[in-house]
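Just below is one structure, and these are the notes that go with it.
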Protein chains: 2
Amino acid sequence: MEIFYKEKTFFTSKDLALSVIGGRWKIAIIWCLLQQSPLRLSEIQKYLADVNQRMLIRQLRELEEDQIITRVVYPVVPPKVEYQLNEIGLLLEPVVTSICNWGDNFREFLEENTDKQSVE
Amino acid sequence: MEIFYKEKTFFTSKDLALSVIGGRWKIAIIWCLLQQSPLRLSEIQKYLADVNQRMLIRQLRELEEDQIITRVVYPVVPPKVEYQLNEIGLLLEPVVTSICNWGDNFREFLEENTDKQSVE
DNA sequence: CCGGATCCGTGTTGATACTG
DNA sequence: CAGTATCAACACGGATCCGG
């Protein structure tokens with residue numbers, strides 16, 4: 001079961017998945033677009049305050065290349081570009097949800113184990 | 001709902017989760033330890049053939065710091081060190097599973113859309 | 001004005017030895 | 001076998017500039 005994609009060889013579909021969603025901000029971007037869609041670049045920036053614009057654009061381009069999201073450019077002034085998940089991208093919802101749920105568990109775990117040391 | 005952890009502030013538990021499992025090889029390592037546990041370093045290296053040893057050790061140390069895995073050192077010669085997921089780490093199983101499932105979906109998607117171009 | 005591209009400094013990752 | 005050292009390559013971030 002070998003998968004060739006983008007000049008690389010993957011031996012499990014897990015590795016293929018990680019190559020697509022493993023980017024530094026990919027999951028966060030997908031989370032945004034699951035909350036609301038479509039979104040403009042500036043709107044995603046508001047959601048993800050601590051991501052700089054250059055990285056955001058790069059990660060969006062990669063997601064677009066992998067056909068996870070669709071980028072729609074409106075030829076207007078000032079420029080308007082909208083991003084939204086396509087079909088295969090929407091199927092990432094369970095991944096994002098399970099991460100959010102685990103995050104809740106981990107937060108509770110921290111609260112229990114770090115006797116009220118800085119979690120509130 | 002602000003979470004302070006490791007001198008950083010997180011505003012959602014999703015961001016907290018990503019800070020822990022978002023490392024370059026974290027998910028792959030956790031996948032290994034879900035397949036079989038405990039595992040020695042050399043065994044993890046066999047599973048993750050394309051990860052270099054330095055990074056593997058560093059990622060394992062980070063997971064240990066975050067209390068996701070436990071590192072057991074046996075004082076023998078030659079050295080023997082075993083890694084295994086602890087309770088909160090085992091709860092990551094749904095995350096890994098959903099990623100694997102999506103990977104399967106994505107692979108099928110590629111097969112359909114790239115008319116037998118390099119997927120088999 | 002908004003999306004995005006370029007320049008450049010910095011931290012992270014990788015390849016290949018090497019040690020106990 | 002587990003882990004470290006060194007150096008090169010790359011990803012990332014901040015600031016700035018561009019084009020419509």
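Below, read A as the first sequence line, B as the second, and so on, with proteins coming before strands; counting in each chain starts at 1.
Closest of all the heavy-atom pairs between V72(B) and Q84(B) is CG2-NE2, 4.1 Å.
Think of the region where chain B sits on DNA chain D: with heavy atoms and a 4.0 Å cut, that region ends 5' and 3' at dC1(D) to dT6(D).
Residues from residues 37-67 of chain B that place a heavy atom under 4.0 Å from any atom of DNA chain C, listed by number: N52(B), R54(B), M55(B), R58(B).
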What do the steps show when you test L60(A) against E64(A) for side-chain contact (heavy atoms from CB on, under 4.5 Å), and what is the final call?
CA-CA 6 Å; L60(A) 284 165; E64(A) 189 190 0; over 6 Å; no
Test Y47(B) against L39(B) for side-chain contact (heavy atoms from CB on, under 4.5 Å), laying out the working first.
CA-CA 10 Å; Y47(B) 270 109; L39(B) 280 175; 3.9 Å; yes
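Taking 4.0 Å as the cut-off between side-chain N and carboxylate O, R107(A) and E111(A) count as a salt-bridged pair.
By the 30° and 60° cut-offs, the orientation of the rings of Y5(A) relative to F10(A) is tilted.
Within the nucleic acid shown, Y74(B) has no heavy atom closer than 4.0 Å to any nucleic acid atom.
The 12-atom threshold is not exceeded at NZ of K8(B), counting heavy atoms of other residues, nucleotides or ligands nearer than 6.0 Å.
W102(B) is listed as a side-chain neighbour of I21(A), based on a closest heavy-atom distance under 4.5 Å.
Of the options R24(B), R71(B), K26(B), a salt bridge (charged side-chain N to carboxylate O under 4.0 Å, His left out) to E62(B) is made by K26(B) and by none of the others.
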